[in-house]
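Because the structure is predicted, anything quoted here is derived from the model rather than measured. Quick note on labels: first sequence line is chain A, next is B, and so on, each numbered from 1.
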2 protein chains.
Amino acid sequence: MNSAVTAIRNDAADLTGPAAAGYSARQNDVLETALALLVEGGERALTTAGVARAANCSKESLYKWFGDRDGLLAAMITFQSSKVRGASGADSPATRPAFRASLVGFAEDLLKVLSGDVSLALNRLAIGEARRDAAPLGRLVREHGRRPIEARLSALLEGGRTLGFIAFDDTRETYRTLYGLMVRDMHVRLLLGEAGGDDLAADAGRAIDQFLRLFGVSEEASEPGRQRPGAGNERTG
Amino acid sequence: MNSAVTAIRNDAADLTGPAAAGYSARQNDVLETALALLVEGGERALTTAGVARAANCSKESLYKWFGDRDGLLAAMITFQSSKVRGASGADSPATRPAFRASLVGFAEDLLKVLSGDVSLALNRLAIGEARRDAAPLGRLVREHGRRPIEARLSALLEGGRTLGFIAFDDTRETYRTLYGLMVRDMHVRLLLGEAGGDDLAADAGRAIDQFLRLFGVSEEASEPGRQRPGAGNERTG
DNA sequence: AGCGTACCGTACCGTACGGTTCGGATGTCT
DNA sequence: AGACATCCGAACCGTACGGTACGGTACGCT
């Protein structure tokens with residue numbers, strides 16, 4: 001039943017009971033089976049009748065709770081994101097190895113989430129629905145999924161900068177470069193259906209190594225002649 | 001009509017006439033309007049009746065030429081990729097600035113193609129169709145779209161290595177890191193419907209600068225103590 | 001007991017799509 | 001000219017979906 005959830009084994013994932021978002025327990029169950037249905041068969045398998053049958057509820061209730069099919073899709077996204085949120089990145093680590101470890105841990109978490117079944121299915125859904133002008137589901141995914149990631153990682157980066165571990169000008173630019181080093185083309189490849197047997201931990205370590213070689217400040221910091229922070233960032237600042 | 005094509009203004013894009021792939025001129029026209037339809041309205045707008053009406057052909061001809069709807073989708077992918085292919089990266093540049101310029105040019109081309117309307121629409125189509133197990137369209141996109149890019153860029157990288165401009169062990173790993181530095185999260189953001197007003201040229205230059213700082217070999221090469229090529233790559237080799 | 005609410009299960013409706021068939025028009029080859 | 005192929009336009013069919021309506025049931029409240 002809830003095997004779809006166990007794919008994303010994030011910290012707050014196990015509390016399926018008490019209304020994680022603004023939904024009742026019964027509605028949570030329905031959203032859960034809807035997610036499982038989506039993971040298994042893609043968008044085509046996510047019919048209102050199918051959800052009602054799999055969740056042992058009536059279509060009438062579906063429409064009462066979620067308005068219409070689009071409302072159900074939106075609810076699935078916010079529901080899933082409400083489970084993943086939270087956890088790591090509380091306060092900035094004080095020592096240099098702790099800072100690196102924090103970055104590596106963040107990278108591992110990110111790669112794990114992005115390669116999760118539910119995340120991939122929801123991203124496929126939002127992308128498949130998107131057109132050039134309007135993409136309401138894509139907007140939801142960005143707001144609830146990617147923006148909090150950027151916020152937490154940006155805080156981590158700026159913390160490392162104030163402590164002198166790294167140096168950069170534009171936070172957003174630096175975040176996006178780090179994101180590129182971590183994710184590379186993995187996400188799109190997985191979205192396109194390629195099997196992702198990558199070693200996430202090794203990828204995380206490599207990405208952070210490369211990032212620190214680009215933005216890291218050498219141990220004997222202070223003297224400004226030695227450090228070579230992210231040159232060229234001011235171009236987009 | 002064919003305004004959708006002009007978005008990807010690649011070198012071989014203007015020869016719409018003589019059967020670019022294995023299709024007749026008439027079929028090319030049909031595929032062209034089908035792509036325009038897809039770009040405009042997404043997958044839902046790509047109905048067989050709609051394509052027939054927009055292209056002034058009969059559904060009977062559609063089914064005779066492409067088998068069924070899936071065949072039409074596949075034909076659209078191969079057709080589009082057959083137009084983009086070719087051009088840059090003939091032989092490896094001999095001087096260091098030429099090598100860098102070649103990389104920057106490649107990056108600009110890649111970013112331009114990836115952010116093109118038709119490319120985005122086809123990627124959205126393939127991704128929306130993909131499930132965890134089977135993704136025939138995704139496979140087509142990878143084979144016809146991403147693989148040739150990797151091949152050409154890999155050749156460029158290895159050419160630069162033999163000339164001593166850069167140093168690395170695993171070609172594929174190095175390619176993927178460069179890809180990550182170039183594209184970052186731009187592709188997925190565009191796929192999710194975010195407006196992409198980025199400065200592609202600036203992005204290309206920054207990516208290549210960062211890549212060369214990671215993998216470049218200093219001017220006074222030879223002495224092996226100075227150069228610090230991509231450490232950690234052997235982990236995945 | 002009586003009433004209201006929430007819900008399930010099913011049947012139903014309108015629509016839109018993929019795919020097929022057919023008549024007729026426009027060629028092209030001999 | 002006549003035979004043949006190609007193709008368009010339109011009608012058609014079966015199916016499957018989104019959305020609605022209805023009967024029946026369990027539960028809580030007064």
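For the pair Arg184(B) (side chain) and Met182(B) (backbone), a donor-acceptor distance under 3.5 Å is absent. In this structure a side-chain-to-backbone donor-acceptor pair under 3.5 Å is missing from Arg146(A) to His144(A).
When the P atom of dC8(C) is taken as reference, atom CG of Leu62(A) falls 8 Å away, rounded to whole Å. Regarding Tyr63(A), its OH atom lies at a distance of 17 Å from the C1' atom of dC22(D), rounded to whole Å. Between Arg44(B) atom CZ and dT15(C) atom P there is a gap of 18 Å when expressed in whole angstrom units. The CD atom of Gln27(B) sits 12 Å away from the P atom of dT6(D) (whole-angstrom rounding). In this structure, Leu37(A) places its CG atom 11 Å from P of dC17(D), rounding to the nearest Å. If you measure from atom CG of Asp29(A) to atom P of dC8(C), you get 11 Å, rounded to the nearest angstrom. Atom CD in Glu43(A) sits about 17 Å away from atom P in dA16(D), given to the nearest Å.
The pair Asp209(B)-Arg206(B) fails the salt-bridge criterion, with no side-chain N (NZ, NE, NH1 or NH2) lying under 4.0 Å from an Asp/Glu carboxylate O. Salt bridge present: Arg132(A) and Glu40(B) bring a charged side-chain N and a carboxylate O closer than 4.0 Å.
Distance from the side chain of Thr48(B) is smallest to dG18(C) among dG18(D), dG18(C), dC8(C). Among the nucleotides dC8(D), dG9(C), dG19(D), the one closest to any side-chain atom of Cys57(B) is dC8(D). Listed nucleotides dG9(C), dG18(C), dC7(C) differ in distance to Ser58(A); the shortest reach to its side chain belongs to dG9(C).
In this structure, the side chains of Leu192(A) and Arg139(B) stay at 4.5 Å or more apart for every pair of heavy atoms. Between Leu31(B) and Leu35(B), the closest side-chain pair of non-hydrogen atoms is not below 4.5 Å. Side-chain contact between Arg176(B) and Arg189(A): present, with at least one pair of heavy atoms (C-beta onward) separated by less than 4.5 Å.
Look at Trp65(A) and you won't find any side-chain N or O under 4.0 angstrom from OP1 or OP2 of dA6(C). Applying the 4.0 Å criterion to OP1 and OP2 of dC8(C), one finds that Arg26(A) has a side-chain N or O inside that range. Side-chain N/O atoms of Ser61(B) include one lying less than 4.0 angstrom from OP1 or OP2 on dC8(D). A close approach under 4.0 Å does not occur between any side-chain nitrogen or oxygen of Arg53(B) and OP1 or OP2 of dC17(C).
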Are there any protein N/O atoms within less than 3.5 Å of an N/O atom in nucleotides 22-25 of chain C, and if so, which ones and at what distance?
from: dC22(C); atom 1: N4; to: Glu60(B); atom 2: OE1; distance (Å): 2.9

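Nearest-nucleotide positions on DNA chain C place Ala52(A) closer to the 5' end than the other of Ala52(A) and Lys59(B).
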Which donor-acceptor pairs under 3.5 Å do the side chains of residues 50-66 of chain A make with protein atoms, sequence neighbours left out?
from: Ser58(A); atom 1: OG; to: Ser61(A); atom 2: N; distance (Å): 3.1
from: Ser58(A); atom 1: OG; to: Ser61(A); atom 2: OG; distance (Å): 3.0

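Residues from residues 67-76 of chain A placing a heavy atom under 4.0 Å of any atom in DNA chain C do not occur.
Exactly one of Leu73(A), Val141(A), Leu120(A) qualifies for a side-chain contact (heavy atoms from CB on, under 4.5 Å) with Leu125(A). That residue is Leu73(A).
In terms of heavy-atom proximity, Ala135(B) sits nearest to Gly193(A) at CB-CA, 3.9 Å.
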